[in-house]
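Protein chains get the first letters and strands the later ones, always in sequence-line order, with residue 1 at the start of each.
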Amino acid sequence: MTQPKVRVRFAPSPTGYMHLGNARTAIYNWLYARHHGGSFVLRIEDTDRERSTQGAVEVIYEAMRWLGLDWDEGPFLQSERFELYRRRAEELVASGAAYRCWCTPEELEQRRQQALAEKRNPKYDGRCRDRKEPRPGVEPVIRFRTPDTGETVLEDRIQGRVVTPNEELDDLVLLRADGAPTYNFTVVVDDHEMGVTLVLRGADHLSNTFRQLHIYRAFGWEPPAFAHQSLILGPDRAKLSKRHGAVSVLQYRDEGYLPEALVNALVRCGWSHGDEEVFPLPRLIELFDLPAVGNAPAIFDFEKLRNKYNAEHIKLAPRERLAGLLCETLARRGDANLQADDPRLGLLVDGLRERSRTLLEMADGAKPLLAEEVAWDAAAVRKHLKSDAAEVLRALADRLEAAPSFGREAVLAALDGLAAERGAKLGKIAQPARVALLGTAVSPPIDVVMAVLGRDRVLARLRAGAERAAAG
RNA sequence: GGCCCCAUCGUCUAGUGGUUAGGACGCCGGCCUCUCACGUCGGUAACCCGGGUUCGAAUCCCGGUGGGGUCGCCA
């Protein structure tokens, strides 16, 4: 009756960056925990002292924070738990489930090559299984004794029932010659010690699971449930990796993506809910669960992330949040230095969110409206600042100058009034005005442009534009 | 190569024996419109192949093909 509390974990190894595939695994685990009211554990698998650095660990924390994946327990560092693993390994040696092996890496490599050449399974041949006497000058490793016969069954929560013959498995190393534990051992010890109820990870760990199952059995431990999600592939259909580029989570932050958009896109890579595609975070927590996770590998669609998910989430985000983000982006790129409460920021967000797929595009769009100097686009000038525009611009300037206020409504009323008076379409006035104001024929709506520029600048530029038109 | 997994438009996917095979991104065209966008309407495009089972298969079974993963003192 009493179900144990759901406890899942994300257990990355510090490689120096957070990969999209890892990020999806973290997201799935986090959503699973939040959906089921369980606990989310962060564990750093830094047993390989060669590769692990403090900086690499910080990158993981930073990526997790940016994505909004808060953990309830940890972070636990495996590098701080070596004594525990050593003790556990000795337990297995004592019970006969594991043994010391004095074969050297060189010997093993040689045998592997030979086996491959003879088209045999290159697995460890088990020659130290019954050896008791040490080899002088060789520090032994501790190996796990895997059954030679029979088969191992895994009831995977995503992949379904998977069966592997035990003869495919070899006696894996638990403890290296230098006493450091290996992944396949620490993962079992920790998932047990930490009370993990479901191991939700990438399918690249599927074949490891069978070896790990035997370790659980040797300890007499009840294994957790397992769920292996199929991998994210690159456009070439190979496992997504560094060489595909654009694979680091924080790179997306720097390129102007919203974390909830990346989360949305990543979740949708393998999980779906009917025809629904855009999910705010609370909605994901409400809906996400294992039965709707598919088991076919998926190619990550970078274009759709930008065109759909990020664009949609930019439309959904609160104005204040985007204003803050836009302010940071402008400052970071050296485009403009605005105070966080500058009223122009909100105006810019209103005018630009529907025409920006990323914050970078939004900054691109904002930049001309904030520049002190007009950057003239020759084609736009040629097309819209012809001599007959001079009089129109002057009339508009006069009208605006006489207007009682300079709000967006008042400005629009002036434009409309002038157009009506002359029986002209609004475009006949707005386009020359746009070019006079910004130097370009493309921009947010003219009322937003004027509101951002402000009365004085608008009048000055309109009149300067008129002179340019008259001269041109 | 052994073992394991997978297979619906180019891509992400809906679909759980009977549908004109749906949605989304992309692409093409119309409408809207002060530009660009947004929005909207329409179009383009898929059930890998071959056998079964069945009155009937995208859906179930088998085989093939193709793709992926994995075979470390990496994780």
(request) Identify whether NZ of Lys or CZ of Arg in A/R211 sits under 6.0 Å from the centre of the six-membered ring of A/F144 and within 45° of that ring's axis. (result) no
(request) Determine the contact category for A/H205: base if any of its heavy atoms lies under 4.0 Å from a base atom, sugar-phosphate if only primed atoms, P, OP1 or OP2 are that close, otherwise nothing. (result) base
(message) Does the structure show a Watson-Crick or G-U wobble partner for B/G1, both distances under 3.5 Å? Name it, or say none.
(response) B/C71
(message) Base, sugar-phosphate or nothing for A/E45? Non-hydrogen atoms, less than 4.0 Å.
(response) sugar-phosphate
(message) Testing the basics here: between A/P259 and A/L67, what is the closest heavy-atom pair and its distance to 0.1 Å?
(response) CB-CA, 4.1 Å
(request) Grab the CG-C1' distance between A/L213 and B/U70 for me, whole Å please. (result) 16 Å
(message) Pairing donors with acceptors under 3.5 angstrom, does anything connect the side chains of A/H228 and A/N295?
(response) no
(message) Between A/R422 and A/E391, does any NZ, NE, NH1 or NH2 come within less than 4.0 Å of an OD or OE carboxylate oxygen?
(response) yes
(request) Using the C1' atom on both, measure B/G23 against B/G68 and round to a whole Å. (result) 27 Å
(request) Ignoring the backbone of A/A177, work out which of B/C73, B/A75, B/C34 is nearest its side chain. (result) B/C73
(message) Both A/F210 and A/I299 contact RNA chain B. Taking the nearest nucleotide for each, which residue is further toward the 5' end?
(response) A/F210
(message) Tell me whether A/R319 at atom CZ has more than 12 heavy atoms from other residues, nucleotides or ligands lying less than 6.0 Å away.
(response) no
(request) Using both distances under 3.5 Å as the test, list the Watson-Crick or G-U wobble partner of B/G66, or none. (result) B/C6
(request) Starting from P on B/U11, measure out to OH on A/Y309 and report it in whole angstrom. (result) 15 Å
(request) Write down the distance separating the C1' atoms in B/U11 and B/U44, rounded off to the nearest Å. (result) 15 Å
(request) Respond yes when some side-chain nitrogen or oxygen of A/N295 is under 4.0 Å from OP1 or OP2 of B/C6, and no when none is. (result) yes
(message) Over all strands shown, is A/N307 touching base, sugar-phosphate only, or nothing at heavy-atom distances under 4.0 angstrom?
(response) sugar-phosphate
(message) Between A/E193 and A/R81, does any NZ, NE, NH1 or NH2 come within less than 4.0 Å of an OD or OE carboxylate oxygen?
(response) no
(request) Taking only the side-chain nitrogens and oxygens of A/T47, find out if one of them lies under 4.0 Å from OP1 or OP2 of B/A75. (result) yes
(request) For B/A14, take OP1 and OP2 only and decide whether either is under 4.0 Å from a side-chain N or O of A/S272. (result) yes
(request) May I ask you to verify if any side-chain N or O of A/R237 is less than 4.0 angstrom from the OP1 or OP2 atom of B/U11? (result) yes
(message) OP1 or OP2 of B/U35 versus the side-chain N and O atoms of A/K383: is any pair under 4.0 Å?
(response) no
(message) Please report the distance, rounded to the nearest Å, between NE2 in A/H313 and C1' in B/C38.
(response) 17 Å
(message) Just the rounded figure in Å: distance from C1' of B/U70 to CG of A/L169.
(response) 11 Å
(message) Rounding to an integer number of angstrom, what distance separates B/U20 and B/G63 when you compare their P atoms?
(response) 33 Å
(message) Could you tell me how far B/A24 sits from B/G18 if I compare only their C1' atoms? Round to whole Å.
(response) 27 Å
(message) It should be established whether A/K123 places a side-chain nitrogen or oxygen under 4.0 Å from OP1 or OP2 of nucleotide B/C3.
(response) no
(request) Please determine if A/K386 and A/D388 form a salt bridge, counting it only when a charged side-chain N lies under 4.0 Å from a carboxylate O. (result) no
(request) May I ask which nucleotide in the shown strands pairs with B/U40, Watson-Crick or G-U wobble, both distances under 3.5 Å? (result) B/G30
(request) Select one nucleotide: of B/G2, B/C12, B/C73, the one nearest the side-chain heavy atoms of A/R268. (result) B/C12
(message) Just by distance, no angles: are the side chains of A/Q229 and A/T25 close enough, under 3.5 Å, to form a donor-acceptor pair?
(response) yes
(request) Could you check whether A/P444 gets within reach of a base, just the sugar-phosphate, or nothing at all, counting any heavy atom under 4.0 Å? (result) base
(request) Decide yes or no, distance alone: a donor-acceptor N/O pair under 3.5 angstrom between the base of B/G69 and the side-chain of A/D204. (result) no
(request) Considering only atom P, compute the distance from B/C48 to B/C6 and round it to an integer number of Å. (result) 15 Å
(message) Could you check whether A/R306 makes a cation-pi contact with A/F302, meaning its NZ or CZ is under 6.0 Å from the centre of the six-membered ring and within 45° of the ring axis?
(response) no
(request) Could you check how far CG of A/D156 sits from P of B/C6, rounded to whole Å? (result) 10 Å
(request) When you get a sec, tell me which of B/A75, B/C73, B/C4 is the closest nucleotide to the side chain of A/V141? (result) B/C73
(request) Indicate, with a heavy-atom threshold strictly under 4.0 Å, whether A/Q159 touches base, sugar-phosphate, or nothing. (result) sugar-phosphate
(message) Pick the closest RNA chain B nucleotide for A/A265 and for A/T164 by heavy atoms, then say which residue is nearer the 5' end.
(response) A/T164
(request) Just call it for A/A298: base, sugar-phosphate, or nothing, with non-hydrogen atoms closer than 4.0 Å on any strand. (result) sugar-phosphate
(request) Just call it for A/L231: base, sugar-phosphate, or nothing, with non-hydrogen atoms closer than 4.0 Å on any strand. (result) sugar-phosphate
(request) Pull out every residue in residues 422-433 of chain A that has a heavy atom closer than 4.0 Å to any atom of RNA chain B, ordered by number, or say none. (result) A/L426, A/G427, A/A430, A/Q431
(message) Suppose you measure atom C1' in B/G52 against the same atom in B/C5; what distance do you get, rounded to whole Å?
(response) 24 Å
(message) Between the side chains of A/E91 and A/R87, is the shortest nitrogen-to-carboxylate-oxygen separation below 4.0 Å, so that they form an ion pair?
(response) no
(message) Without decimals, in angstroms, what is the distance between A/E167 CD and B/C4 C1'?
(response) 14 Å
(message) From CG of A/D275 over to C1' of B/C12, roughly how many Å is that when rounded to an integer?
(response) 12 Å
(request) Look at all strands and tell whether A/D178 reaches a base, only sugar-phosphate, or nothing, counting heavy atoms closer than 4.0 Å. (result) nothing
(request) Name the nucleic acid region contacted by A/G365, choosing base, sugar-phosphate or nothing; use a 4.0 angstrom heavy-atom cut-off, strictly under. (result) nothing
(message) When you measure only distances, ignoring hydrogens and angles, does the side chain of A/K304 come within 3.5 Å of the base of B/A24 through a donor and an acceptor?
(response) yes
(request) Could you check how far NE2 of A/H273 sits from P of B/G15, rounded to whole Å? (result) 10 Å
(message) Using atom P in both nucleotides, what's the gap between B/U65 and B/G22 to the nearest angstrom?
(response) 33 Å
(request) Ignoring the backbone of A/K308, work out which of B/C73, B/C6, B/A24 is nearest its side chain. (result) B/A24
(request) For nucleotides B/A57 and B/G72, find the distance between their P atoms and express it as a whole number of Å. (result) 46 Å
(request) Strictly below 4.0 Å, heavy-atom distances to any atom of RNA chain B: list the hits from residues 353-362 of chain A, or just say none. (result) A/E354, A/R355
(request) Tell me, please, which residues at least two apart from A/K304 pass salt bridge (Lys or Arg N to Asp or Glu O under 4.0 Å). (result) A/E277
(request) Compare the minimum distances between each of B/C71, B/G39, B/U35 and the side chain of A/V442, then state the nucleotide with the smallest one. (result) B/U35
(message) Less than 3.5 Å apart, any donor N or O on the side chain of A/E106 or A/Q110 sitting next to an acceptor on the other?
(response) no
(request) Consider the side chain of A/N184, meaning its heavy atoms from C-beta on, and name the nucleotide among B/C71, B/A75, B/C4 that approaches it most closely. (result) B/A75
(message) Side chain of A/P445, heavy atoms from C-beta onward: which of B/C25, B/U35, B/G72 has the nearest atom to it?
(response) B/U35
(request) Would you please indicate yes or no on a ring centroid separation below 6.0 angstrom for A/F10 and A/Y28? (result) no
(message) If the cut-off is 4.0 Å, is A/R112 near the phosphate of B/G72, judged by side-chain N/O to OP1 or OP2?
(response) yes
(request) Count the heavy atoms of every other residue, nucleotide or ligand shown that sit under 6.0 Å from NZ of A/K428, and state whether that count exceeds 12. (result) no
(message) Partner lookup for B/C55, please. Criteria are Watson-Crick or G-U wobble with both distances under 3.5 angstrom; report none if nothing qualifies.
(response) B/G18
